**Q** 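Supplied in structure tokens, the structure appears directly below.
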There are 2 protein chains.
Amino acid sequence: MLETSARLLRLLSLLQTRRDWSGADLADRLGVTDRTVRRDVDKLRSLGYPVHASTGTTGGYRLGAGAALPPLLLDDEEAVAVAIGLRGAAGGTVAGIEETSVRALAKLEQVLPSRLRNQVNALQSAMLPLPGRGPTVDPATLSVIAATCRDHERLRFDYRDHDGDHTLRQVEPLRLVHTGRRWYLVAFDVDRDDWRTFRVDRLTPRTPTGPRFTPREPPDTDLAAYTSYKLSNSAYRYQGVFTLHMPLAAATEQITATAGVLEPLDDTSCTLRAGSNSLDGLAMWIAMIGCEFQVHSPPELVTRLAGLAARLTRAATDT
Amino acid sequence: MLETSARLLRLLSLLQTRRDWSGADLADRLGVTDRTVRRDVDKLRSLGYPVHASTGTTGGYRLGAGAALPPLLLDDEEAVAVAIGLRGAAGGTVAGIEETSVRALAKLEQVLPSRLRNQVNALQSAMLPLPGRGPTVDPATLSVIAATCRDHERLRFDYRDHDGDHTLRQVEPLRLVHTGRRWYLVAFDVDRDDWRTFRVDRLTPRTPTGPRFTPREPPDTDLAAYTSYKLSNSAYRYQGVFTLHMPLAAATEQITATAGVLEPLDDTSCTLRAGSNSLDGLAMWIAMIGCEFQVHSPPELVTRLAGLAARLTRAATDT
DNA sequence: GCCGTTGCGGACCACACCGGTCCGCAATGC
DNA sequence: GCATTGCGGACCGGTGTGGTCCGCAACGGC
């Protein structure tokens, strides 16, 4: 029954936009009787979606959190927000999530209506991509590459090697890998007949992408090591120890518990321990706190901050 | 037909995970004959989802971008990535998108299985929330408030006013508003019998949330002005002009075209113009570029950077 | 404690949709 | 030209569909 399926989807959509719905409301929206709504709710339940119901004057239906994620029905604005959010996450704010973000992004952008895609791109340009060290990667490029990996499509791109020379490459892409702050593409270079690793920030893809290919045996390097996302067990690479010259209470206002551990020193200062995988990220973060502070550890961070301070001094005075 | 609906959803899911599928593959995966697959594809099409098909030996089915967004079927990892991305976007990287992000987040978190929610929270703590000026807001709090606004549920929370006094509030939430770098909640304070505006970073919600209420007439302030997202026409508040002491080619590598406009000066330096709505954001961003530079404009930025540099110098030397 | 509201689910029934099977046709690429 | 792939008509037994009517149970306010 085509209409039944469509109605089930609409019902799911309604249950997602608001939390509580009375049976009569739903019946009205769906253009059926409440008996049919009850039957549809039953169908959703037997599909595995937990629809809670409560009786009485304040009763109604409510979609709960179940074992599996139901299909997400987003409106246009929400879809744009998701795309923007994923592009940000692909940029690497959180360790280990980037590759999954790119995958989800590829999935979303495949079905994103073009008017929304334009909106996403427009908003993207309003972002200030964090320069970090080295060049940043265009999320749109990542998205294209991820799609070719998934679909086993050949990829053609211009590549600038470290000497600045440009070459046109034709590859069978295998996997996108994110390490440190860089993205790499592991692919089989057709012309050179061998596996190569390309820095994504140095390549610009050509459209349209090439024909499909049958995946070949990956080189038995430790690609498996890349594949294990190890979301949780990532101890921080750098552990910063600081003295903040502000009262503990004020510091607590600024620094959420997840960002770092605060310990009181005296009435006007406290100790802060904060971890990060990136020295630059840590430096930037501590610099943004608007109070006087001292760095105790790690030593690299001290020199990094000293250099940064000198640079900023010159930047601000030599005008 | 329950099974038919489930199959349609699975088919949609399959079409989203890979781009090209042969009819035989799909039939195999779905456990039906290819004739039925064809019929199902037809059903999807008449539901409005554009399923392209091509014949020949390389033929197959492919889900295209249509007028409306199909329901997104994400796997666990992808759902986590989306949630993380949305939480980041709600933090305000892009102007105008925050409120929509929070809405989408509320929608997602309502149906997110608890094991995934735990994962999201764990990953969240791995992020270094940008401290900016002033305290940051917990995305989980935003999510809770957004849900109560949507569902017309009373909200109880502890509130710290600017004197540091704590009060227990009970309100009928109306809307979350994001301006500048702050989140505000516009709500009707039940005990004080009047409309109030609360800073979200100063409140901690209590669970469970209260009973439902019937929405009352909003105060006829210019809430409409908040509501207009004005995604595009946002000219930047600050326009930074810099001289970078690095060759144009090297600068182009680091600074994507969307981030700023580069003009050559001589062989070793170039001019950069970059806009931002936040002075701190701009300061941080320019500081992250790893080369010598000078600030020309705006003057506030010069003083901001000078102050920052002085602070960093003290931080790095007084150990 | 009563009463209204809300969800629940059984029974009935006319109807048409479902899905497998079998078929020939059209388009594409090697 | 041949294999492969998608397309859709025809047939048919089975069964799910959705409206109507019904009594039951749970909850909250008066």
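Values reported hereafter were calculated over all heavy atoms of this structure, with side chains retained and with hydrogens, waters and symmetry mates removed. Letters go in sequence order (proteins before strands), and every chain restarts at 1. For clarity, every value in this text was computed on a predicted model and none was experimentally measured.
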**Q** For side-chain contact (heavy atoms from CB on, under 4.5 Å), just list the numbers for B:Val82 and B:Leu72, CA-CA rounded to whole Å, side-chain angles, deciding distance to a tenth of an Å, and then say yes or no.
**A** CA-CA 11 Å; B:Val82 168; B:Leu72 267 192; over 6 Å; no

**Q** Consider the side chain of B:Ser22, meaning its heavy atoms from C-beta on, and name the nucleotide among D:dG6, C:dG19, C:dG7 that approaches it most closely.
**A** D:dG6

**Q** Return the polar atom pairs (N/O with N/O) between nucleotides 20-24 of chain C and the protein under 3.5 Å, or none.
**A**
{"from": "C:dG20", "atom 1": "OP2", "to": "B:Thr33", "atom 2": "OG1", "distance (Å)": "2.9"}
{"from": "C:dG20", "atom 1": "OP2", "to": "B:Thr36", "atom 2": "OG1", "distance (Å)": "2.1"}
{"from": "C:dG20", "atom 1": "N7", "to": "B:Arg39", "atom 2": "NH2", "distance (Å)": "2.6"}
{"from": "C:dG20", "atom 1": "O6", "to": "B:Arg39", "atom 2": "NH1", "distance (Å)": "3.4"}
{"from": "C:dG20", "atom 1": "O6", "to": "B:Arg39", "atom 2": "NH2", "distance (Å)": "3.2"}

**Q** Decide yes or no on side-chain contact (heavy atoms from CB on, under 4.5 Å) for A:Phe157 and A:Thr141, but give the supporting numbers first.
**A** CA-CA 11 Å; A:Phe157 56 85; A:Thr141 302; over 6 Å; no

**Q** If I take atom OG1 from residue B:Thr17 and atom CG from residue B:Leu12, how far apart are they, to the nearest 0.5 angstrom?
**A** 10.5 Å

**Q** Report the distance from atom CZ of A:Arg62 to atom C1' of C:dG7, rounded to the nearest whole Å.
**A** 15 Å

**Q** Do A:Arg35 and A:Arg39 come close enough that some side-chain heavy atom pair is under 4.5 Å?
**A** yes

**Q** Over how many whole Å does the gap from A:Leu11 atom CG to D:dT17 atom C1' extend?
**A** 16 Å

**Q** Going through the checks in order, is the side-chain contact (heavy atoms from CB on, under 4.5 Å) test met by B:Arg103 and B:Arg150?
**A** CA-CA 9 Å; B:Arg103 207 175 72 224; B:Arg150 186 192 57 186; 5.8 Å; no

**Q** Through what angle, rounded to 10 degrees, does the axis of the helix from C:dG1-D:dC30 to C:dC30-D:dG1 turn between its ends, using five pairs per end?
**A** 60°

**Q** In this structure, how many angstroms lie between the P atom of C:dC18 and the CG atom of B:Leu30, rounded?
**A** 16 Å

**Q** Rounding to an integer number of Å, can you tell me how far B:Asp40 CG sits from D:dG8 C1'?
**A** 15 Å

**Q** Quick check against the 3.5 Å criterion: does B:Arg117 have a side-chain atom that pairs as donor or acceptor with the backbone of B:Leu112?
**A** yes

**Q** Under 4.0 Å between a side-chain nitrogen and a carboxylate oxygen: does that hold for A:Arg206 and A:Asp158?
**A** yes

**Q** Between atom NE2 in A:His52 and atom P in C:dC8, what is the gap in whole Å?
**A** 12 Å

**Q** Looking at A:Lys43, does any N or O in its side chain come under 4.0 Å of the phosphate oxygens OP1/OP2 on D:dG16?
**A** no

**Q** In this structure, how many angstroms lie between the C1' atom of C:dT6 and the CG atom of A:Leu26, rounded?
**A** 13 Å

**Q** Quick one: which of C:dG7, D:dG6, D:dG8 gets closest to the side chain of A:Tyr61?
**A** C:dG7

**Q** Tell me whether the side-chain N/O atoms of B:Thr4 come closer than 4.0 Å to OP1 or OP2 in C:dG19.
**A** yes

**Q** For B:Arg7 and B:Val32: C-alpha separation, side-chain torsions, deciding distance, then whether side-chain contact (heavy atoms from CB on, under 4.5 Å) applies.
**A** CA-CA 9 Å; B:Arg7 205 178 51 235; B:Val32 290; 3.7 Å; yes

**Q** Would you confirm whether A:Tyr49, through its side chain, and A:Lys43, through its main-chain N or O, come within 3.5 Å as a donor-acceptor pair?
**A** no

